Each structure stands twice: as structure tokens, then as C-alpha cells.
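Okay, structure first, notes after.
Quantities reported herein were computed from a predicted structural model and do not represent experimental measurements. Every chain is numbered from 1 and lettered A, B, ... according to where its sequence line falls, protein lines coming before strand lines.
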Amino acid sequence: MKQTLIAATATAVLLGTSGLALAQTQPPVKIGFITDMSGLYADIDGDGGLEAIKMAIDDFGGTVLGRKIEVISADHQNKADIAASKAREWVDRDGVTVLFGGTNSGTALATAKVALEKKRIYINNGAGSSALTNEQCSPYTVHYTYDTIAMANGTGKGMIGKGGKTWFFLTADYAFGYALEKDAAAVVVADGGKVLGQVRHPLSASDFSSYLLQAQNSKAQVLGLANAGGDTINTVKAANEFGITKTMKIAGLLVFISDVHSMGLKSAQGLYATEAWYWDQNDETRKFGKRFFGKMKRMPSMVQAGNYSSTMTYLNAVKAAGTDNADKVMEQLRKVKINDMFTKGGYIRKDGTMVHTMYLFEVKTPAESKSPWDYYKLISTIPGEQAFPIASYAQCNLK
Amino acid sequence: MEIFGLSTSALLSQLLLGLVNGSFYAILSLGLAVIFGLLNVINFSHGAMFMLGAIVTWMAGQYFGLNYWVMLLLSPLVVGAIGVVIERLLLRHLYQLDHLYGLLLTFGLTLFIEGILRSIYGSSGLPFSTPEQLTGATDLGFMMLPNYRAWVVFASLSVCFITWYVIEKTKLGSYLRAGTENPKLVQAFGINFPLMMTLTYAFGVGLAAFSGVLAAPIIQISPLMGSNLIIVVFAVVVIGGMGSILGSILTGLGLGLIEGLTKVFYPEASNTVVFAIMAIVLLFRPAGLFGREK
């Protein structure tokens, strides 16, 4: 009896290992996702962004080309060197097939360089800097959700339309801030406005009053905030406190729904926000929004929705190309039209920009908001070619 | 009149804003100095306690309807109580060991507390508005000063002064100072030294919580609000001299002013200027400006 038991166990173990060996002959398609998981941008992307990627993998069925789809993630802590070395380690040691990147342009530009060197596709949803597909464009980079040029063409143009001709910029002192300031200033000047000055603050500064006073002394009509996340929130808060809002119009050039949520409508009302996606647009967006809310207890940002959509788009391209070879999949990605809950008729241009419709929203007043997360009213719809005009990406040599 | 291409009024207003920030530095570094003086512990969880002070205030308003003024008293007590638990259960066992162990423990606690709160409340923060009595601004001629900021300066300086007075001029303070010099001797005189250490730690973190409540209407309340501030505060303590009460207060205010000026003349350096000063001070006075060589 005892011997039979041992034999049975041995067989089971053998069967088990051989099953394992069979699965190992087909390595998984591995997505490596690097973003800010714990810092000031974590609510924009972070855990929620990872969840969105997992939702997409589930919806896709969990396998592609008969291989399992896996995702691994890392927190870059807003440091470019961490992002780059993690990406390198993943590709060299862990066999990552594709790199996904989230918030923070400094880390995104560094990861894009590694991706180019290692010939891996790099899809970014959270970073803003237009340099990703302009000065530093790469045949392997896809900039999917939004960029600073689209923000300038949305919020920037919107404010000028309201009569704000003279501008002063409050800029986060790193790649993203510079890009946003530069792209917004270009739009201001092109529309006959004038930039009176700018001041640069360190990333995640805690006190903005000093900068705001300098801005006020410039006598500009519009205060352009070329920062994001916690920095934007603290700036708007201080601007209200110091009465800056009475003399200047605040243009938050990059406002996410998570920022509005955390500021509260009392402080945020009247701000403009240029978004690629908002949960309350149609039945499809509401369905995704509610599903995400069920898991994360908050509505998705456009970046998180972009994570879902870009994962689907990538996996579909792998399926259609019949391989995970980066060059072949890129070729396929450039061929398709993207039609899903995120966008309609979006396409990936040679420079890597995903060209799609953007929306200019105004933040509702507390009285207008009917339910939690009911924050935006639509001001205008910006067609893809106007939000991401090809002329603005002239420094990219991929034509 | 212009100084370095800046009008006097602009300069004055920037100095005043520097003083507001300096008040936060002063009260935070004071707490650190008190704890280090008696316990010899480098309290890296000070930023987390500052943040807890603010978040507890927000929670009390959200769940129990308690207002800002009540919490200004209650929040330091709640956080002080947490401090008692930390000291009794954890820190106590490390006094015999190297400074590094206390530092690592308190740093670990910070990550733990911040991580838990981040997973509950997210990182972008919670809204909190200025108490009604202090909304609005006063025209000082050269600038509009929000009334709340004036209150911050007044409240922090008062608390700093009271703390300094108690430690330097009262009997209770003399026990504390004696304990700092020679704990064994103090115990021999029949003073309950372990209890004194517990209460000192609680008081130190209570100070951090107090400044957290003060900061709540100004800085977005978020689990990360402390960690952005605490590194600067450590530099302040190092510049002032570890364990020096008056030194930490004066250095806090002074560095607030210098940082304020940097924000005007070369804003990019505003978060590094404190460290540059720290390096220079350490070169010439390794024990800090007000510290004594041991």
C-alpha cells in the first residue's frame, strides 16, 4: 500500500514537472510597466494604471499566439536613472517583450533610449513631453494618450479664445515643464499673444506663494501652470488664498480628473482641462469607468484608460503580425485604426504620436455637479490633426 | 527704491513669505532637537507625524464634524499618544545601540505609515479649507498677506517660545536638561527617567502634529506631504546643531528667509540652497552653528 502511494506520488510529480516543461518551451509575452507608483503622480497612473493593463489582458483572454501574457511593474520614484536601469534589467534578464511607461517625462525619455538600444517597443501613456515624438523620436516609441502639444492646443488656445493675451508661466523645473511651457508659448505667440515671463520651481515644491507673487508682479492676464499633479493642486490652492485668482486667470495646462477630485470643486471650478478621455462621455466610457471604479474605488484618469486601450492595441497587433518581433509589430501598429472605448479612428503616425480626438472641458461649479466624479462639461472637441498638428513635430526625422 | 533690481516692497513680501515657511521649519526642527537632545534618537518619522497631524485633522472633520480649532489641540494629543506607543513598544529597546538603529526604525515606520495611508487615500491628497475666521487677506501696503499665513507665524512662534521657556527656565526643564547631560545621575535622584523619555518623545511628535494642523489649509493634505519637507528640516537641525533648542528655532526661521530670497533670485536653486549652507557650516563648525563640541 505504502509503495503504491509512493509510486503514485512520484508519477504525479513527474507529470507535474513535464507539464511545466511544456509550458516553458513557450515563453510568455511579458509587458514591463514602469511608472510613478508612490509619488506625486501616483493617482494619475500608478496602481490604477497597472490594474487597467491587467483588465486589458483579461479581456484579451490571457494568451496571444498560444503564449501566456504577463505583466510586471516597477516604481521609478520619478528618477530617470531608476527607470532606465529597470528597463535594461527587464529586457536583458527577464525577457520583457514590450515596455509600457507611465507618468514623468524625464523617466520616459530615458526609457525610450533604452528601448531603442534594445529594439523593444515602448508605449507611453502618462508622460507629457512632446520631445518623445519630436526632438527625441524613435522608431520604437509610441506616445499614446496625450502630449504637451495637445495640451497647448486645447487649454492654451481655449484661454486665448477667452481673451487672455498676455501670459506668465509657472513651470516645473524638468523635461515635462519645459516642453509644456515651450509648446504653450508657441501657441500663445502664434495667436497674437505675448509671454511676459516665467519662473521655474523644483518638482514637488511645497510652497508656491513666492512664485505666485512674482507672477502677479508681471501684470500678465493669464497664469499658465506648466506643472502637474500635486504641484498644480498646491498652486491653485495658494492662488486662491493669495487672491491671485481675482487679478489673473489661471490656466492649468495639464489638469487630470484626479487633481480636480482632490482639489474639490470649490477650488477647481472654472479650470480648463484638456483630456483624451472622460468617463462620462458615452455608454462605452461609462461602462469602463464603472468597472474600473469597482476595482479601484475611483474613476479612471485618461492615462489609466489609455493604458487599457494601448495594451489592447498592442496585443491585437501582435496577434495580427503573428510574432512579437518589435519591427514587425510596429509595422502592424502603424497600419491599424484604433476604434475602442478610448477613441474612434485614432492612428499611430510615423513619428510615434497616436493621433486622436481631444476634448476641452471646463470644471463644473459645485452646484452643477450632480454626483461624485461628475466634474466636467464639454467646451469643444478638437480633431486629432488639430490637437497633434504634424507641423509641430518637425524636428522628428522619421517621416 | 530697488535692491538688486527688485523693488523694496517685492523684497519685503518675499522675506515675509520666507518667514512663514521658516516658522514651519522652526517648529519641526524644534521637535527633532528636543527628541535628539534627550533620547539621542534621530527621529526620521517626524515627517510622517507632521502628516498624521494633518490627516487626523481632516479625518476628524470628515467623520466626526470636529472643526479646525478643536483639532489644533486634539490632533497633537492623538499623535502624541501614537508617539507614546512607538516609544514604549519599539524605540525603548534601541537606546543601548548605535544611533543608526533608531534612525532605521523610525525611517521604516515612516514608509509603513505613508504606505498604508497612500493605499487608503491616494497620493494626490484631500481638500481642506481655511477656517472661516481666518479667510481673507490684510493689505500691508507692500503686499496682501492672507490672514491665515499671519496666524501660522504667530502660532508657531508662540509655541516655540513656550517650549524654549519651559525647557530653559522651569524646574521641569531643568530635569530635562540634566537628563540630557547625565541620565544615570538624574535617575539616582529619584526622577522617573524612562517616563520622562516617553513623554519627551510624545511631546516632540506632538509638535510635529501641531505644525501639520497648521499646514493643513495651506498644503494639500496627502500622505507624502511630510516627506517633501522633512529632509530640509533635517538640514536645518544639522545647521543649527543637533539638540540645541534655541539654535533650531533661530536656524529654522533664518533658513526660511534665505530660501525665500533664493526663490526670487534663482528659483531653480531654492530646494538646494539649504543643503549648500549645510555643507559650508559643517566644514567650518562640524557641531552646527549653536551646537557644542563633545
A quick test of your reading: do over 12 heavy atoms of other residues, nucleotides or ligands sit less than 6.0 Å from CD1 of Ile116(B)? yes
How long is the straight-line distance from OG of Ser119(B) back to CG of Asp47(A), given to the nearest 0.5 Å? 8.5 Å
Return the option, out of Ile218(B), Thr272(B), Leu229(B), with the maximum number of heavy-atom pairs under 4.5 Å with chain A. Ile218(B)
Euclidean distance, Ile233(A) CD1 relative to Ile219(B) CD1, rounded to 0.5 Å: 13.0 Å
OG of Ser129(B) to CD of Glu241(A), rounded to nearest 0.5 Å, is 11.5 Å
Below 4.5 Å, heavy atoms only, C-beta onward: do Met143(B) and Leu213(A) meet side chain to side chain? yes
Identify which part of Pro217(B) has an atom lying under 4.5 Å from any heavy atom of chain A, answering side chain, backbone, both or neither. backbone
Partners of Asp45(A) by salt bridge (Lys or Arg N to Asp or Glu O under 4.0 Å), sequence neighbours excluded? none
I'd like to know whether CZ of Phe107(B) has more than 12 heavy-atom contacts from other residues, nucleotides or ligands below 6.0 angstrom. no
Return the OG to CG distance between Ser209(A) and Asn21(B), rounded to the nearest 0.5 Å. 6.0 Å
Between Gly46(A), Ser204(A), Ala42(A), Ser210(A), which shows the greatest number of heavy-atom pairs under 4.5 Å with chain B? Ser210(A)
NZ of Lys297(A) to CD1 of Ile120(B), rounded to nearest 0.5 Å, is 14.0 Å
Report which part of Met37(A) has an atom under 4.5 Å of a heavy atom belonging to chain B: side chain, backbone, both, or neither. backbone
Comparing Ala137(B), Ala269(B), Gly260(B), Gly122(B) against chain A, the one with the most heavy-atom pairs below 4.5 Å turns out to be Gly122(B)
If you define the side chain from C-beta out and look only at heavy atoms, does anything of His201(A) sit under 4.5 Å from Lys263(B)? no
Please assess Asp207(A) against Arg149(B) for the test salt bridge (charged side-chain N to carboxylate O under 4.0 Å, His left out), listing each intermediate value before the final yes or no. CA-CA 12 Å; Asp207(A) 174 56; Arg149(B) 304 253 169 173; 3.2 Å; yes
If I measure from the heavy atoms of chain A, does Val232(B) come under 4.5 Å with its side chain, its backbone, both, or neither? neither
Pair Ser262(A)-Gln220(B), side chain to side chain donor-acceptor pair (under 3.5 Å): steps then yes or no: CA-CA 9 Å; Ser262(A) 117; Gln220(B) 188 77 356; 2.9 Å; yes
For the student: nearest non-hydrogen atoms of Gly39(A) and Ser123(B), plus distance: O-OG, 3.1 Å
Sub-4.5 Å side-chain heavy-atom contact between Phe242(A) and Met144(B): no
With a 4.5 angstrom heavy-atom cut-off, could you sort out which part of Ser267(A) is near chain B: side chain, backbone, both or neither? neither
Nearest heavy-atom pair of Ala10(B) and Asn217(A): which atoms, and what distance? CB-ND2, 4.1 Å
With a cut-off of 6.0 Å (strictly less than), are more than 12 heavy atoms of other residues, nucleotides or ligands near CZ of Phe112(B)? no
Minimal heavy-atom distance between Val199(A) and Pro267(B), with the atoms involved, is CG2-CG, 3.5 Å
Value rounded to 0.5 Å, distance of CE in Met263(A) from CG in Leu126(B): 13.5 Å
Given the options Gly243(A), Pro202(A), Ala238(A), which has more heavy-atom pairs under 4.5 Å with chain B than any of the others? Pro202(A)
